[in-house]
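Structure record follows, encoded as structure tokens.
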Amino acid sequence: MNMIQLTNRQARQFLLLKHGLLGDYIFSEKQGILDFVRQAGCIQYDPIDVCGKNAELVLQSRIQGFTKGMLTELLYEDRRLIDYPDKNLAIIPVTDWPYFERYRQAARQHAERYPEMEALIAQVQEHLHNKGALSSDDLKLEGNFAWRSAIHWSSGSNSSRSVLEQMYSTGELIIHHKKGTRKYYDLASKYIDPILLNAVEPLADELEHHKWRVLRRIGSVGLLWNRASDAWLNIWGLKAAQRSEVFRQLLDEKRIIAVTVEPIKDTLYCLAEDTPLIEAVLGHVEPAWRCELIAPLDNLMWDRKLIQALFGFDYTWEIYTPALKRKFGYYVLPLLYGERFIGRAEILAERKTGTLLVKKIWYENDVKQTLELQTALNDCLQKFALFHECHTILAESLQE
């Protein structure tokens, strides 16, 4: 099976089943978090918390019984996940650490341009050895120090932050924990298995590394095309020509499968290992529908042109859009019901009062608000309130 044809509906079913967003939940509690992150490769991190941080929102829609504490435990107690740049800032399995050694090496080489940093690094190391994890506010280093890398930019107003971020970029430090948006760092050698920490990069050849990362992103989204996309962000050196060669070789090696979907002109691709799921969809499965709130930076949403082509849903995250130019709102979540996006919702978690405020829901024009839909939506909001430990749901306006 090197080329298959799907209807638009079958393609949507495949995507949603792979993500665990259609039918019964296939991911559950802490093990389910690990299973999904391994499947996805990474989930994107964003610190803004209006109704949950992005990574939490991704997981609450898929993981049965998910709580925020589970993710915190996996990151900062069990250390089976780690904060690390992948598709921008992200959360990845700690076992993937060796595959990103080329980026840490580039940061080390870059640091050689700043010899004045050596003395500052020594101060940080001493503090970490004597006192443990620290944030940039816990250590005041003398002088201003401006530093730029591929991962971070420091203006020079906070030398401590510059040095901590540089040490994080080289892999000497990891994020030990967070308090709100504040990051606390500690030595990676205290927490990462030495076998992983000191491993030689498994894919030193750039082409092989690109193949690994393209496979990872295809698996993360489910279906992708060989064209410019936000799904390829932060893969250094992957220009159009390199991407085309990667796709050619992966097809020849039968590691990906070409998929045609009417009426989309571009060929899509899925992982060869997803063949059983493709076959299930071709067998006309009829999974149960449920309603879920989807994160703005959800893996499913990484290529919004693809979402528009498959689902007819035009979504823009308007958080950086000037207020007067927004069509919807500051932090609006796509609303999924069954096999389609039925609209979007603006929700605020008021933790002090334990209230989940549903500010507004905008339905797509052709959505019929049936009893089944309203029941599923109510179940979704109840689950979302439980996720936030809110005991009250207050709806200002449930539709427009």
Side-chain angles (χ1 to χ4, degrees), residues 33-34 37-38 41-45 47 55 71-114 117-139 141 145 147-154 158-179 181-204 209 212-213 216 234 236:
I33 297 172
L34 286 172
V37 176
R38 288 195 191 103
C42 76
I43 50 177
Q44 199 164 338
Y45 173 78
L71 180 58
T72 300
E73 288 174 12
L74 287 167
L75 280 165
Y76 307 126
E77 296 178 22
D78 305 339
R79 304 286 171 182
R80 300 183 71 180
L81 301 176
I82 189 168
D83 297 283
Y84 200 78
D86 187 342
K87 183 187 178 289
N88 301 327
L89 294 177
I91 294 169
I92 70 170
V94 71
T95 50
D96 286 346
W97 178 268
Y99 289 89
F100 295 89
E101 175 58 23
R102 66 182 53 228
Y103 302 100
R104 295 187 289 272
Q105 183 60 32
R108 294 182 198 112
Q109 292 172 353
H110 182 77
E112 294 174 0
R113 297 166 55 185
Y114 303 95
M117 185 179 282
E118 290 184 15
L120 301 177
I121 288 175
Q123 292 181 54
V124 174
Q125 291 169 334
E126 182 180 5
H127 184 103
L128 290 170
H129 281 297
N130 293 334
K131 298 184 179 179
L134 60 85
S135 74
S136 59
D137 291 340
D138 297 326
L139 183 65
L141 301 176
F145 177 75
W147 160 78
R148 180 194 292 270
S149 84
I151 299 175
H152 297 287
W153 161 247
S154 172
N158 189 324
S159 297
S160 300
R161 181 179 298 116
S162 297
V163 176
L164 289 171
E165 289 177 348
Q166 165 61 12
M167 295 173 73
Y168 174 68
S169 296
T170 63
E172 185 173 357
L173 302 185
I174 62 169
I175 296 175
H176 178 270
H177 68 281
K178 298 190 187 92
K179 288 185 179 178
T181 59
R182 182 173 298 173
K183 294 173 285 190
Y184 288 76
Y185 298 89
D186 206 348
L187 295 166
S189 57
K190 293 182 182 179
Y191 306 98
I192 298 180
D193 187 313
I195 295 175
L196 289 174
L197 190 67
N198 302 314
V200 175
E201 183 177 354
L203 303 170
H209 179 77
W212 179 75
R213 297 206 73 185
R216 183 181 174 88
N234 207 32
W236 293 2

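Scope of the values below: all heavy atoms of this structure, side chains included, with no hydrogens, waters or symmetry mates. Computed from a predicted structure; not experimentally measured.
Closest approach of Ala188 and Leu197 over heavy atoms only: CB-CD1, 4.0 Å. Nearest heavy atom pair, residue Gln166 against residue Ala111, reads NE2-CB, 2.8 Å.
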N/O donor-acceptor pairs under 3.5 Å from side chains in residues 89-100, not counting sequence neighbours:
unit_1: Asp96; atom_1: OD2; unit_2: Arg216; atom_2: NH1; d: 2.7
unit_1: Asp96; atom_1: OD2; unit_2: Arg216; atom_2: NH2; d: 3.3

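Partners of Asp186 under the side chain to side chain contact (heavy atoms under 4.5 Å, CB included) rule, at least two apart in sequence or in another chain, are Leu128, Ala133, His176, Lys190, Tyr191. Taking Arg108 as the reference, Glu101, Arg104, Gln105, Thr170 meet the side chain to side chain contact (heavy atoms under 4.5 Å, CB included) condition, with sequence neighbours excluded. In this structure, the side chain to side chain contact (heavy atoms under 4.5 Å, CB included) partners of Lys131, at least two apart in sequence or on a different chain, are His127. Under the rule for a salt bridge (Lys or Arg N to Asp or Glu O under 4.0 Å), Glu172 has no partner lying at least two apart in sequence or in another chain.
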Working note: Ile175 + Tyr185, criterion side-chain contact (heavy atoms from CB on, under 4.5 Å); need CA distance, chi angles, decisive distance, verdict. CA-CA 5 Å; Ile175 296 175; Tyr185 298 89; 4.0 Å; yes
Is there a side-chain contact (heavy atoms from CB on, under 4.5 Å) between Val163 and Leu139 once you walk through the steps? CA-CA 11 Å; Val163 176; Leu139 183 65; over 6 Å; no
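To the nearest 0.5 Å, atom CG of residue Leu164 and atom CG of residue Asp138 are 9.0 Å apart. One finds the CG atom of Leu34 at 5.0 Å from the CG atom of Leu74 (value rounded to the nearest 0.5 Å). Here OH of Tyr184 is found 7.0 Å from CG of Asp137. Values are rounded to the nearest 0.5 Å. With rounding to the nearest 0.5 Å, the separation of OG in Ser162 from CE in Met167 is 13.0 Å. Here Ser135 contributes atom OG and His177 contributes atom NE2; the two are 8.0 Å apart, rounded to the nearest 0.5 Å. Rounding to the nearest 0.5 Å gives a distance of 4.5 Å between CD1 of Ile174 and CD1 of Ile82.
Here Asp83 does not pair with Lys183 in a salt bridge; the nearest charged N to carboxylate O distance is not below 4.0 Å.
Sorted by first and then second residue, the salt bridge (charged side-chain N to carboxylate O under 4.0 Å, His left out) pairs involving residues 191-203 (not counting sequence neighbours) are Arg102-Glu201.
Looking only at distances, no side-chain donor or acceptor of Arg213 sits under 3.5 Å from a matching main-chain atom of Trp236.
No side-chain donor from either of Tyr103 and Asp86 sits under 3.5 Å from a side-chain acceptor of the other.
Residue-environment remark: CD (Glu77) exceeds the threshold of 12 foreign heavy atoms within 6.0 Å.
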